[in-house]
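Structure, as structure tokens:
Computation of the quantities below employed the complete heavy-atom set of this structure, encompassing side-chain atoms and omitting hydrogens, waters and symmetry-equivalent molecules.
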Amino acid sequence: HDGIALWDTKTANAINTVKNTPAKRDLIAPFVLVFLGEQLQKMTDEISVVALEQCDPQKLKNAEADVYWCLARVIDDVADNFIEGQPGIHKTISKMQKLIEQKEAALLKSLDEMDIKFMDFAYRWTHCYLMLEFDIYQIIRLWDTYFSEEEGFSQFHTYVCSALFL
């Protein structure tokens, strides 16, 4: 992948980190379904290895290139989420907490009184981009909106999560 050499070191390191995490499956699944949906005849909640093996090899290669481009675009936007210490995730969660505090400080106080840590659910929402909260069709629609927004995954996602919380 010669294209990685053109990116800055932080983004290249983030791509390498994602390659070695379970998050990769969650990040690529919507893209695979979008680019191979017609080939697979219907979209399902799971990407079956058997179904993928039955796909036309050229269509698989084309889809791989498109999926890689989409993944690279996401990672380029949120590279700080995948480097050591995950400063991007912590920044997003902090911003989310501040947004919620502006609208519903009492709600955050109630969570604190019940010993519910904001980080416990906010981390999952931020790290998995709501993949575990919605079905794949909703994720494809949501991520389509993220793609249409400048810094959609790094900025707009924060507002979506805050709105869901409220």
Considering all heavy atoms of both residues, which atom of [X] and which atom of [Y] are nearest to each other, and what is their separation?
X	Y	value
Thr126	His157	CA-NE2, 3.7 Å
Gly85	His90	O-CD2, 3.2 Å
Ile89	His127	CD1-CD2, 3.5 Å
Leu166	Lys103	CD1-CB, 3.9 Å
Cys161	Trp125	O-CZ3, 3.4 Å
Asp80	Pro87	O-CD, 3.2 Å

Is it true that a side-chain atom of [X] and a backbone atom of [Y] form a donor plus acceptor pair closer than 3.5 Å?
X	Y	value
Ser94	Lys91	no
Asp77	Phe153	yes
Gln138	Asp135	yes

What is the distance from atom [atom1] of [X] to atom [atom2] of [Y], rounded to the nearest 0.5 Å?
X	Y	atom1	atom2	value
Gln102	Ser162	CD	OG	9.5 Å
Thr145	Ile140	OG1	CD1	12.5 Å
Arg73	Asp76	CZ	CG	9.0 Å
Asp66	Lys59	CG	NZ	12.5 Å
Leu36	Leu60	CG	CG	5.5 Å
Glu151	Phe156	CD	CZ	13.0 Å

field: Contacts of type side-chain hydrogen bond (donor to acceptor under 3.5 Å, both in side chains), residue Asn62, not counting sequence neighbours
entry: Gln58
Evaluate the side-chain proximity of [Y] to [X]: yes if any heavy-atom separation is below 4.5 Å, no if none is.
X	Y	answer
Cys70	Phe35	yes
Phe165	Leu107	yes
Met131	Ile136	yes
Tyr146	Val74	no
Tyr129	Val160	no
Arg124	Leu132	yes
Gln155	Glu150	no
Phe31	Trp69	no

query: Hydrophobic cluster mates of Leu99, side-chain heavy atoms under 4.5 angstrom, ILVMFWY only, any path?
result: Tyr159
- prompt: Ile139 and Glu133: side-chain contact (heavy atoms from CB on, under 4.5 Å), yes or no, with the steps?
  reply: CA-CA 9 Å; Ile139 290 300; Glu133 276 59 49; over 6 Å; no
query: Yes or no on side-chain contact (heavy atoms from CB on, under 4.5 Å) for Leu164 and Leu130, after CA distance, side-chain angles and deciding distance?
result: CA-CA 10 Å; Leu164 286 172; Leu130 300 170; 3.7 Å; yes
query: Is it true that Arg141 and Asp144 have a side-chain N and a carboxylate O under 4.0 angstrom from each other?
result: yes
Distance-only donor-acceptor pairs under 3.5 Å for side chains of residues 111-123, two or more places apart:
residue : atom : partner : partner atom : Å
Asp115  : OD1  : Lys117  : NZ           : 2.8
Tyr123  : OH   : Gln86   : OE1          : 3.0
Tyr123  : OH   : Gln86   : NE2          : 3.2

